[in-house]
Amino acid sequence: MISKVCFPCRLFCCLMSLLLLSWGANGEEPLKPLMSDTVNQMLWITEQYPPYHYREDNQVKGIAVEILEQIFEAHKVPFNSHKQVLVFPWARAVKEISNNPQAALLTMAYTPERDNLFALSEPLFTEQIALITLKDSDLTLTDLGQINQYVIGVVRDDIGERLLKDLGPDEIHLTHVLSSKELLQMLLKQRVDAIAYSVDIIRYQLQQLQGPKQQIKIQLNLAELPTSIAFHKQVNPQLLQLINQSIVALKQAGKVDQIINRRL
């Protein structure tokens, strides 16, 4: 005998099957409109940090920007980085994503403190942060305990400053600037004894300068840190999951390495 509940059960199963089909095989379909709407509502910000991200000739460029564009392109999400990514000083950028749930920052190096404060994506690349002098400097450092004898240049609230305060002596003589360009100029004009910053960034910026090429010396390696897109803690978790999956897929396809090798 046929149970009276069979027809409602079959109807329910059919409806559930149609719903699952509408989600697509891997759950991407309902996320695409979500991603498109969310991306266009968000404030995408970065800092002047070439070759990873920077503004030049009224265009926003760089390794992280290209990766972000490929993420959106893979999901057919319209995105114009030149119009939709704003360049802020680092301290202002960090303040923005601290207070604005609709903001995202390209990029932020990992620390446990930052991981507690922000939602960090899968890493895009790894950065070497070091204590740097010019190659012809007479300064030789073998231990962080020595740095209290010198003036060290840092970008305000940047990872270089954080690492020095965490790893160095209690008393450190720091000179703060707002950008990597200012930091490099302080080093070249010998207004500081050394700087704490990303090795790749300083090398790249030195190559862009006119005239004789200066070289740098890495006095002490401070850290090698995974670097990610940073979001407010209240970011839509589905959006973050989709971006993370896309970063992993781009890495596995070798596309991230292609972008990095072309730029560095």
Side-chain angles (χ1 to χ4, degrees), residues 46-54 62-64 67 89-91 93-94 97-98 105-135 137 139-184 186-187 192-206 215-231 244 247 251 256-257 260 263-264:
T46 190
E47 66 164 328
Q48 198 72 4
Y49 199 65
Y52 291 117
H53 31 80
Y54 60 103
I63 291 169
I67 295 172
W90 175 253
V94 172
I97 62 164
S98 300
L105 171 61
L106 296 174
T107 55
M108 178 178 282
Y110 171 88
T111 66
E113 177 188 13
R114 288 174 170 181
D115 195 38
N116 288 330
L117 293 173
F118 306 105
L120 301 179
S121 74
E122 285 284 328
L124 304 182
F125 43 78
T126 300
E127 284 189 87
Q128 180 186 7
I129 311 299
L131 202 61
I132 302 167
T133 62
L134 294 176
K135 189 174 182 179
S137 170
L139 183 61
T140 299
L141 297 174
T142 57
D143 185 271
L144 271 178
Q146 299 172 279
I147 66 173
N148 58 5
Q149 306 171 44
Y150 304 100
V151 177
I152 311 298
V154 295
V155 172
R156 186 175 298 279
D157 294 331
D158 180 68
I159 188 64
E161 178 182 11
R162 297 289 181 185
L163 289 170
L164 288 182
K165 289 182 175 179
D166 289 345
L167 304 174
D170 292 338
E171 183 180 350
I172 310 175
H173 306 294
L174 299 178
T175 294
H176 294 88
V177 296
L178 296 178
S179 70
S180 58
K181 184 177 180 180
E182 292 177 77
L183 190 65
L184 179 57
M186 293 283 284
L187 182 65
V192 293
D193 297 302
I195 59 175
Y197 209 62
S198 166
V199 175
D200 285 339
I201 304 300
I202 296 303
R203 282 180 174 154
Y204 179 86
Q205 292 197 4
L206 282 171
Q215 293 185 319
I216 60 172
K217 178 180 180 181
I218 299 172
Q219 294 283 348
L220 292 169
N221 189 43
L222 299 177
E224 293 189 10
L225 300 173
T227 301
S228 307
I229 305 170
F231 299 86
N244 284 339
I247 293 169
K251 284 183 172 182
V256 171
D257 285 340
I260 292 172
R263 292 272 183 176
L264 287 178

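Counting all heavy atoms, side chain and backbone alike, Pro169 lies closest to Ile172 at O-CG1, 3.3 Å. Considering every non-hydrogen atom in both Asp200 and Pro51, the closest pair reads O-CD, 4.3 Å. For the pair Pro123 and Ile247, the tightest heavy-atom approach, listed with the atom from each and the gap, is O-CG2, 3.6 Å. In terms of heavy-atom proximity, Val154 sits nearest to Gly160 at CG1-C, 4.5 Å. The heavy-atom pair separating Leu164 from Ala196 by the smallest distance is CD1-CB, 3.7 Å. Ile147 approaches Leu141 most closely through the heavy-atom pair CG2-CD1, 4.1 Å.
Scanning for side chain to side chain donor-acceptor pair (under 3.5 Å) contacts around Asp193 gives an empty result, with sequence neighbours left out. Qualifying side chain to side chain contact (heavy atoms under 4.5 Å, CB included) partners for Thr133, counting only residues two or more places apart in sequence or in other chains: Ser137, Leu139, Ala194, Lys217, Gln219. In this structure, the side chain to side chain contact (heavy atoms under 4.5 Å, CB included) partners of Pro50, at least two apart in sequence or on a different chain, are Gln48, Tyr54, Ser180, Tyr204, Gln205. The salt bridge (Lys or Arg N to Asp or Glu O under 4.0 Å) check on Arg156 picks up nothing, with sequence neighbours excluded. Listed by chain and number, the residues in a salt bridge (Lys or Arg N to Asp or Glu O under 4.0 Å) with Asp157 are Arg162 (sequence neighbours excluded). With sequence neighbours left out, the side chain to side chain contact (heavy atoms under 4.5 Å, CB included) criterion links Asn221 to Gln128, Ala130, Glu224. For the side chain to side chain donor-acceptor pair (under 3.5 Å) test, residues two or more places apart in sequence or in another chain that qualify with Lys165 are Glu161. For Glu182, the side chain to side chain donor-acceptor pair (under 3.5 Å) partners are Ser179, not counting sequence neighbours. With sequence neighbours left out, Ser228 forms a side chain to side chain donor-acceptor pair (under 3.5 Å) with no residue at all.
Between Arg203 and Ile216, the closest side-chain pair of non-hydrogen atoms falls below 4.5 Å. At a threshold of 4.5 Å between non-hydrogen side-chain atoms, the residues Phe231 and Met108 do not count as touching. Side chains of Ile229 and Ile67 form no contact here, defined as non-hydrogen atoms less than 4.5 Å apart. Taking 4.5 Å as the limit, every side-chain heavy atom of Phe125 sits out of range of all side-chain heavy atoms of Val256.
Note that the CG atom of Leu222 and the CD1 atom of Ile159 stand 9.5 Å from one another [nearest 0.5 Å]. The line from CD1 of Ile195 to CG of Leu187 is 4.5 Å long, rounded to the nearest 0.5 Å. For the atom pair Leu131 CG and Leu220 CG, the distance stands at 5.5 Å (nearest 0.5 Å).
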Between Phe118 and Val94, does the side chain to side chain contact (heavy atoms under 4.5 Å, CB included) criterion hold? Intermediate values first, please.
CA-CA 10 Å; Phe118 306 105; Val94 172; 4.0 Å; yes
Do Leu264 and Tyr52 pass the side chain to side chain contact (heavy atoms under 4.5 Å, CB included) test, and can you show the C-alpha distance, the side-chain angles, and the key distance before you say yes or no?
CA-CA 9 Å; Leu264 287 178; Tyr52 291 117; 4.1 Å; yes
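Within a 6.0 Å sphere centred on NZ of Lys181, heavy atoms belonging to other residues, nucleotides or ligands number 12 at most.
None of Leu183, Ile152, Ile202 except one satisfies the side chain to side chain contact (heavy atoms under 4.5 Å, CB included) rule with Ile132; the exception is Ile202.
Listed by first and then second residue, the side-chain hydrogen bond (donor to acceptor under 3.5 Å, both in side chains) pairs that reach into residues 105-117 are His53-Thr107, sequence neighbours excluded. Among pairs with a residue in residues 145-155, those fulfilling side-chain hydrogen bond (donor to acceptor under 3.5 Å, both in side chains) read Thr142-Gln146, at least two apart in sequence or across chains.
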